[in-house]
Every structure is written in structure tokens, then in C-alpha cells.
**Student:** 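One structure, pasted below without further comment.
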Amino acid sequence: MKKIFKFILFSLTILFLNSFVLERYYVRFPIYEIESTKIPKSFDGYTIAVVSDLHYGFLNPEFWIRYVIESINEKNPDLIVGIGDYVKKRNFDEELVSVWKLLPLLKGKDKEVFVNGNHDHWANHSLSLRLLEESRKSIRNRTIEIQRGNEKIILGGLGDFWEDHLPIDQVFQHTDPKQFRIAIAHNPESADTPHLESIDLFITGHTHGGQVRIPFFQLSPILPVNNKTYDVGIKNSLFNEMVFISAGIGWSILPLRFNCPSEVPILILRHKADK
């Protein structure tokens with residue numbers, strides 16, 4: 001009986017350390033390849049680091065956020081996209097101001113662009129928007145071009161689906177649909193909103209991958225989205241457009257992760273030859 005009790009205690013201790021410490025604080029950098037005939041040859045191998053759901057605060061303090069940022073910079077990505085939920089608390093200005101002193105430390109070879117998430121608006125809607133714009137790295141409600149010689153891709157930023165919805169067509173209406181177009185949004189359900197402008201890739205987060213994923217089945221029983229196919233990785237939207245979802249860094253409700261470690265995904269664009 002004592003052996004059984006010790007085994008159970010040992011197993012629970014390992015589970016606790018894994019879920020509350022290891023998977024939360026050991027950030028991995030999984031690689032996903034995004035293939036399309038619309039990706040120009042000069043962008044083959046182009047890397048995008050996806051920073052999602054930092055949830056800066058008591059359990060994700062400044063020294064750890066700095067460590068994450070340094071780790072991202074060491075990967076030397078071409079582009080860094082911040083897709084929101086930089087803070088955790090509601091109605092709390094101090095965290096917003098503090099985290100926006102850290103986010104400019106992110107350095108991509110080309111640039112860094114940001115949009116906000118629902119927690120940023122819950123902390124302080126007007127302040128979060130002001131800090132985003134003052135950073136001069138905002139892509140909210142606008143598009144930019146990234147060029148390689150005579151070739152280019154298009155990036156556009158959406159507002160948060162819950163708190164700051166912006167129609168996709170409004171953002172991309174003056175861009176060329178022949179170009180590879182990327183929409184950056186916090187919530188993957190932005191991809192399911194009605195639109196006529198075609199989007200080749202949505203880069204999103206918000207779900208935390210469910211935080212808890214059932215082994216073998218790879219299912220997340222709790223997801224903060226209506227479309228339950230939107231958990232983590234590459235999915236298709238209701239309009240059959242590619243949606244990438246990062247499991248991100250932070251947490252909701254309980255500060256744990258199981259079979260769903262914190263991550264900063266690296267997307268690699270790949271030119272696909274026409275058949």
C-alpha cells in the first residue's frame with residue numbers, strides 16, 4: 001500500500017512540476033512551413049516569429065518577459081509579429097505601460113508589427129490603443145508591403161474580434177489580390193467573418209492551444225472560441241483560407257499547461273512552383 005501511495009505522490013509531483021512550471025516557462029520554438037504558389041521566389045525561406053499572449057503580470061514577470069524577448073531575438077527572424085494579449089489583468093494601466101516598454105526590445109531583420117488582443121482592451125481600451133499607435137509599430141487597420149527586390153508580400157492588421165472588430169475588406173481593399181496577403185489578428189475567429197478580399201494566411205493566437213490537450217487524441221476540451229477546430233497549428237477557415245494559431249505563452253483561469261507547452265512559433269514561407 002505504501003508503494004502505491006508513494007507512486008501516486010511521485011506521479012502527482014511530476015505532473016504538478018510539468019504543468020505548472022516546465023510547460024509554462026520552457027518556451028519552445030516550433031517550425032511551421034507555409035507553402036503557396038503566391039509566395040514569391042525571393043521570399044522562399046522567409047521567417048516570421050509569432051509572439052502571442054505574453055500575459056505580462058505576477059506569474060509572467062518582467063525578467064521572464066525579457067528572457068523570452070532575448071530568446072526570440074537570438075532566432076534572428078526576418079519579421080516579428082505581436083498578436084496581442086500582452087497583459088493579463090483587467091482595468092490595470094500599470095501592466096500596459098510596463099509591457100510596452102519591453103516590446104520595442106524585439107528586433108526582426110526587417111521589422112516588427114503589432115496588434116492588440118482582448119486582454120489589452122480589458123486592461124484599458126483607450127490606453128492600449130494609444131500605446132500601440134505610439135509604438136510606431138502598429139499594423140492595426142492598415143497594410144504594409146515588405147519587399148525583396150521587385151517582389152513583395154502584403155501584411156494587414158485586424159482589430160481584436162471581441163473588442164475591436166475591423167472588417168477584413170476595409171483593411172485590405174486597396175491591396176492587390178495577386179500578391180501573397182497575410183492578415184494578423186489576435187483571435188482566429190476573425191478569419192470566419194464575412195469578407196470578399198481573399199486572404200492567403202491569417203496569423204492568430206488567443207486560444208493558448210487549449211492549455212490542456214488530451215494525449216494521443218490531441219484534443220483541447222476547453223477553447224475560448226466558437227469554432228472548436230481552432231486550437232493550434234495550421235487550420236482552414238470557413239472560407240477555406242489558411243489560418244495559423246499559436247498556442248502562445250500565457251494562460252487563462254488556471255496557470256497551467258499540459259501537453260501544450262508555451263511557444264513562439266517560427267513560420268517559414270515557401271515558394272511552391274506552379275504545376
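Residue numbers start at 1 and run along the sequence shown. Small disclaimer: the values here were computed from a predicted structure and weren't measured.
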**Student:** Check the side chains of Glu241 and Asn236 for a donor-acceptor pair under 3.5 angstrom, ignoring hydrogens and angles.
**Tutor:** no
**Student:** I want to check something: taking the side chain as every heavy atom from C-beta on, are Leu269 and Ile153 in contact at a cut-off of under 4.5 Å?
**Tutor:** yes
**Student:** Sub-3.5 Å donor-acceptor pair from the side chain of Asn60 to the main-chain atoms of Gly57, do we have one?
**Tutor:** no
**Student:** Give a yes or no on whether the backbone of Asn227 and the side-chain of Glu189 come within a donor-acceptor separation of less than 3.5 Å.
**Tutor:** yes
**Student:** Measuring from Glu62:CD to Glu95:CD, what's the distance to the nearest 0.5 Å?
**Tutor:** 12.0 Å
**Student:** Measuring centre to centre across the rings, with the benzene-like ring taken for any Trp, is His119 within less than 6.0 Å of His206?
**Tutor:** no
**Student:** Over all heavy atoms of both residues, which pair between Val113 and Ile184 is shortest? Give the atoms and the distance, please.
**Tutor:** CG2-CD1, 3.7 Å
**Student:** Would you say the side chains of Asn124 and Ser126 form a donor-acceptor pair under 3.5 Å?
**Tutor:** yes
**Student:** Starting from Ile199, can I reach Ile34 by hopping between I/L/V/M/F/W/Y residues whose side chains sit under 4.5 Å apart?
**Tutor:** no
**Student:** Could you state the interatomic distance from CG (Leu96) to NZ (Lys101), rounded to the nearest 0.5 Å?
**Tutor:** 12.0 Å
**Student:** Give me the atom names and distance for the closest heavy-atom approach of Pro77 to Ile72.
**Tutor:** CD-O, 3.6 Å
**Student:** Is the centre of the Trp100 ring less than 6.0 Å from the centre of the Tyr56 ring?
**Tutor:** no
**Student:** Answer yes or no: are there more than 12 heavy-atom neighbours, outside Asp176 itself, under 6.0 Å from its atom CG?
**Tutor:** yes
**Student:** Any salt bridge linking Arg181 with Asp200? Criterion: basic side-chain nitrogen under 4.0 Å from a carboxylate oxygen.
**Tutor:** no
**Student:** Using modelled atom types and a 3.5 Å cut-off, is there a donor and acceptor pairing between side-chain atoms of Tyr86 and backbone atoms of Gly84?
**Tutor:** yes
**Student:** Roughly how far apart are Leu238 CG and Asp192 CG, rounded to 0.5 Å?
**Tutor:** 3.5 Å
**Student:** Whether the His186 and Asn116 side chains hold a donor-acceptor pair (N or O, under 3.5 Å, no angle test) is what I'd like checked.
**Tutor:** no
**Student:** Does a side-chain heavy-atom distance below 4.5 Å link Leu79 with Ile146?
**Tutor:** yes
**Student:** Ignoring hydrogens and angles, state whether a donor on the side chain of Asn187 or Asn118 is under 3.5 Å from an acceptor on the partner side chain.
**Tutor:** no
**Student:** Using only atom types and a distance under 3.5 Å, with no angle test, would you say the side chain of Thr207 pairs donor to acceptor with the backbone of Asp231?
**Tutor:** yes
**Student:** Rounded to the nearest 0.5 Å, what separation is found between the CG atom of Leu127 and the NE2 atom of His125?
**Tutor:** 11.0 Å
**Student:** Donor-acceptor pair, distance only, cut-off 3.5 Å: does the side chain of Ser220 make one with the backbone of Ile222?
**Tutor:** no
**Student:** Determine the minimum heavy-atom distance between Ile245 and Lys235, stating which atoms define it.
**Tutor:** CD1-CG, 3.9 Å
**Student:** If I take atom CZ from residue Phe172 and atom CG from residue Leu155, how far apart are they, to the nearest 0.5 angstrom?
**Tutor:** 8.0 Å
**Student:** Identify whether Val68 and Tyr25 are in the same connected component of the hydrophobic contact network (ILVMFWY, side-chain heavy atoms under 4.5 Å).
**Tutor:** yes
**Student:** Determine which pairs satisfy side-chain hydrogen bond (donor to acceptor under 3.5 Å, both in side chains) with at least one residue from residues 144-154, sequence neighbours left out, and list them in order.
**Tutor:** Ser42-Glu151, Asp110-Arg148, Glu145-Lys152
**Student:** When rounded to the nearest 0.5 angstrom, what distance separates NZ in Lys107 from CG in Asn73?
**Tutor:** 8.0 Å
**Student:** What do the steps show when you test Phe202 against Phe244 for ring-ring contact (aromatic ring centres under 6.0 Å, His included), and what is the final call?
**Tutor:** CA-CA 6 Å; Phe202 289 87; Phe244 177 79; over 10 Å; no
**Student:** Taking the side chain as every heavy atom from C-beta outward, state whether Ser52 and Asp85 have any pair of such atoms under 4.5 Å apart.
**Tutor:** no
**Student:** Show, in sequence, the C-alpha distance, side-chain angles and deciding distance for Val81 and Phe114, and conclude whether the side-chain contact (heavy atoms from CB on, under 4.5 Å) test is met.
**Tutor:** CA-CA 6 Å; Val81 298; Phe114 298 90; over 6 Å; no
**Student:** Could you list the cluster mates of Trp162? Members are the ILVMFWY residues connected by side-chain heavy atoms closer than 4.5 Å, either directly or through other members.
**Tutor:** Trp122, Phe161
**Student:** Using a 3.5 Å distance criterion without hydrogens, assess whether the side chain of Lys41 forms a donor-acceptor pair with backbone atoms of Lys272.
**Tutor:** no
**Student:** Any carboxylate oxygen within less than 4.0 angstrom of a Lys/Arg side-chain nitrogen, looking at Asp78 and Lys111?
**Tutor:** no
**Student:** Side chain of Arg66, backbone of Leu105: donor and acceptor closer than 3.5 Å?
**Tutor:** no
**Student:** Hey, any chance Tyr230 and Trp251 share a hydrophobic cluster, counting ILVMFWY side chains that come within less than 4.5 Å of each other, even indirectly?
**Tutor:** no
**Student:** Checking Ser138 side chain against Glu133 main chain: does a donor-acceptor pair fall under 3.5 Å?
**Tutor:** no
**Student:** Considering only Ile, Leu, Val, Met, Phe, Trp and Tyr, and joining two whenever side-chain heavy atoms are under 4.5 Å apart, list the other residues clustered with Leu129.
**Tutor:** none
**Student:** For Leu196, is the CG atom crowded, meaning more than 12 foreign heavy atoms sit under 6.0 Å from it?
**Tutor:** no
